[in-house]
Amino acid sequence: MARTAAARPVSAPTSLTFSSITTQSLTFSWSDINQLDYNGVFQTFFVTYESSTSVLVTAFPTVPSAMASSLSFGTEYTFTVAVVSSGGTGPLARANITTTQDAPRKPTVVTSATATSVTVNIQLAITRFFPAQYCVTFTRTSVSGVADSPAVVRTICSATTVVILSPAEQDATYQITAVVNNTVGTAGPMSDSVTQITQPAAPTSSPSSLRSIARTAKTITLTWVPVPYLELNGVFDTYNVVYEFKNKTGRLSVNSTLNTVMLNNLGFATDYNIQVAAISSGGLGVFSSAIVAATIQDVPPPPTITLNSATPTSLTATVTVVPGRYSISMFCAVFNRTTVTGQSQSLARGTVCSTTTAVTLSPTEEDATFEVIGFVNNTATTISNNSIRVTGVTMSAAPTGSPTSVMINSIQMGSFAISWQAVDLLLQNGAIIGYQVMYRDVSQSTSQTTSPITAMATIISS
């Protein structure tokens with residue numbers, strides 16, 4: 001006779017419970033079904049569990065409980081259980097459970113501050129918990145050295161490890177602690193307290209009465225009235241002086257702990273825009289209004305003078321000066337006549353100036369001796385010392401009379417001889433150095449001229 005297969009269990013286990021729940025294990029228990037519902041001989045229980053991120057785990061305990069291990073902390077798992085009899089596997093019972101988390105560890109805080117904010121970086125080792133909230137308590141105990149009574153307390157929580165108090169009081173002392181909460185609301189131990197002082201504000205006013213008190217061709221010395229103590233807003237550090245060419249960009253700066261400073265290596269005869277501000281422990285303050293101060297020019301050194309051009313009626317001096325921290329506007333020469341045609345005839349002929357290095361006295365006496373000194377003016381009308389004295393002589397005038405008694409003494413084939421009387425002594429205007437004879441064929445229009453002849457007779461070859 002054939003036997004029919006036994007039916008599967010008709011009911012699922014009940015009273016599913018969890019106990020001994022930790023971060024990585026738990027015990028799963030249930031109540032067995034009525035033996036009449038086995039529909040066969042009981043063999044085992046069929047247990048499974050899994051999370052949304054883990055693989056399915058199965059177990060076959062013979063008693064109504066099972067231990068699950070190697071679980072993930074703070075993770076929800078789904079457990080199922082069914083009775084297995086000789087008739088098969090019965091319906092599943094299902095239950096969900098979440099493993100626990102450790103409490104957060106004690107954090108460490110690292111702080112920094114500006115004049116108006118305090119930043120806290122929270123550091124901690126994360127093991128078997130999920131941090132959900134980082135909370136920092138700021139306890140202000142004093143402002144600018146004056147104690148708060150009572151202390152001012154503010155707690156700020158953040159989902160990140162950086163917590164910022166802003167705005168904060170300037171030059172204020174804060175005691176800072178932090179705690180971390182996990183995702184189930186469990187708070188860890190409080191950090192050690194850290195003291196943080198915010199920076200004071202930068203100076204709120206500028207130095208006053210900025211002015212120059214001394215100038216050279218390459219320096220400007222400045223002074224000013226300091227910023228009042230109560231407006232420094234911190235510990236004084238230094239003064240910052242900025243300067244630039246007037247109407248130009250490109251600032252230079254120099255610091256001074258005193259209310260005076262010398263600006264060096266400046267351009268001569270140059271305008272500068274200048275400002276000054278105080279620097280305290282709170283930073284750079286407000287700059288003063290700009291003033292304009294100018295360097296001066298050096299006095300030019302004595303020039304060098306040379307006499308390099310003379311005619312009967314003019315004498316030219318070249319006045320030169322070495323370059324320096326000045327701009328030359330005028331080159332000048334003083335002419336004093338001492339002799340004329342070898343005779344003492346002193347006369348101050350005066351001063352002649354030019355915008356170029358060539359200075360010319362004109363008209364002058366012919367065959368006259370002059371003593372000349374030079375000087376220069378810079379564009380600030382400052383006059384140099386005089387040059388070394390030099391002497392020059394103008395040229396004599398050409399003879400104003402002509403030779404007389406010109407005679408042809410003899411005529412030869414291809415030549416003739418001529419002679420003449422010398423120019424009158426009073427009309428020679430100097431020593432005669434030679435004669436020139438000009439002649440031409442009457443049938444020609446072009447004359448010929450001899451080389452200078454020292455004698456008062458010559459032979460002309462035709």
Side-chain angles (χ1 to χ4, degrees), residues 217 268-269 296-405 420-438 449-456:
F268 70 91
I296 61 176
Q297 299 184 48
D298 284 340
V299 177
T304 299
I305 188 166
T306 56
L307 300 176
N308 55 0
S309 178
T311 71
T313 58
S314 68
L315 182 63
T316 298
T318 298
V319 182
T320 58
V321 65
V322 296
R325 290 181 172 272
Y326 43 79
S327 295
I328 300 302
S329 60
M330 298 294 289
F331 299 85
C332 301
V334 180
F335 296 87
N336 292 309
R337 191 190 70 200
T338 59
T339 67
V340 177
T341 317
Q343 303 298 314
S344 177
Q345 293 187 25
S346 297
L347 178 66
R349 288 298 309 271
T351 300
V352 181
C353 293
S354 170
T355 57
T356 68
T357 59
V359 182
T360 300
L361 175 66
S362 180
T364 62
E365 295 78 8
E366 302 162 352
D367 193 18
T369 302
F370 288 85
E371 290 183 342
V372 186
I373 58 174
F375 63 90
V376 292
N377 287 358
N378 65 18
T379 53
T381 68
T382 304
I383 301 175
S384 71
N385 289 328
N386 291 334
S387 70
I388 296 174
R389 189 183 307 271
V390 296
T391 300
V393 180
T394 57
M395 297 174 60
S396 301
T400 54
S402 60
T404 61
S405 303
W420 56 88
Q421 294 294 320
V423 176
D424 186 278
L425 181 63
L426 294 179
L427 302 178
Q428 289 181 6
N429 295 326
I432 296 296
I433 61 174
Y435 294 89
Q436 281 188 325
V437 178
M438 184 173 66
T449 303
T450 67
S451 300
I453 301 166
T454 57
M456 288 184 288

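This structure is a prediction, so every number in the text was calculated from the model and none was measured. What you see below is based on every heavy atom in this structure, not just the backbone, and it leaves out hydrogens, waters and symmetry mates. Position 1 is the first residue of the sequence, and the numbers go up from there.
- Residue pairs meeting the salt bridge (Lys or Arg N to Asp or Glu O under 4.0 Å) criterion with at least one partner in residues 304-316, sequence neighbours excluded, are absent.
- Applying the side-chain contact (heavy atoms from CB on, under 4.5 Å) criterion to Pro403, with sequence neighbours excluded, gives Trp420, Val423, Tyr435.
- Residues Ser384 and Pro303 approach most closely at OG-CD, 3.7 Å, considering heavy atoms.
- For the side-chain hydrogen bond (donor to acceptor under 3.5 Å, both in side chains) test, no residue two or more places apart in sequence or in another chain qualifies with Thr304.
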So Ser327 and Gln297, side-chain hydrogen bond (donor to acceptor under 3.5 Å, both in side chains) or not? Walk me through it. CA-CA 8 Å; Ser327 295; Gln297 299 184 48; 4.5 Å; no
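- By the side-chain hydrogen bond (donor to acceptor under 3.5 Å, both in side chains) test, Thr369 is found to be paired with Thr339, residues two or more places apart in sequence or in another chain being considered.
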Throw together a table of side-chain donor-acceptor distances under 3.5 angstrom for residues 312-320, partners on residues two or more places apart or in other chains.
residue : atom : partner : partner atom : Å
Ser314  : OG   : Thr311  : OG1          : 2.7
Thr316  : OG1  : Thr360  : OG1          : 2.9
Thr318  : OG1  : Asn308  : OD1          : 3.4
Thr318  : OG1  : Asn308  : ND2          : 2.9

Verdict with supporting geometry, Asp367 and Val393, side chain to side chain contact (heavy atoms under 4.5 Å, CB included): CA-CA 6 Å; Asp367 193 18; Val393 180; 4.2 Å; yes
Determine all donor-acceptor pairs shorter than 3.5 Å in which one atom belongs to a side chain in residues 328-337; sequence neighbours excluded.
residue : atom : partner : partner atom : Å
Ser329  : OG   : Asn377  : O            : 3.3
Ser329  : OG   : Asn378  : O            : 3.1
Arg337  : NE   : Gln345  : O            : 2.9
Arg337  : NH1  : Glu365  : OE2          : 2.8
Arg337  : NH2  : Gln345  : O            : 3.3

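- The side-chain contact (heavy atoms from CB on, under 4.5 Å) check on Val299 picks up Thr382, with sequence neighbours excluded.
- Applying the side-chain hydrogen bond (donor to acceptor under 3.5 Å, both in side chains) criterion to Ser354, with sequence neighbours excluded, gives Thr356.
- Checked against side-chain contact (heavy atoms from CB on, under 4.5 Å), Ala217 has the following partners two or more places apart in sequence or in another chain: Phe268, Asp298, Arg325.
- With sequence neighbours excluded, the residues satisfying side-chain contact (heavy atoms from CB on, under 4.5 Å) with Pro301 are Val321, Val322, Tyr326.
- Within the structure, salt bridge (Lys or Arg N to Asp or Glu O under 4.0 Å) contacts touching residues 368-384 (residues at least two apart or in different chains) are Glu371-Arg389.
- The CG atom of Asn385 lies 10.5 Å from the CD1 atom of Ile373; values are rounded to the nearest 0.5 Å.
- Residues forming a side-chain hydrogen bond (donor to acceptor under 3.5 Å, both in side chains) with Ser346 (at least two apart in sequence, or on another chain): none.
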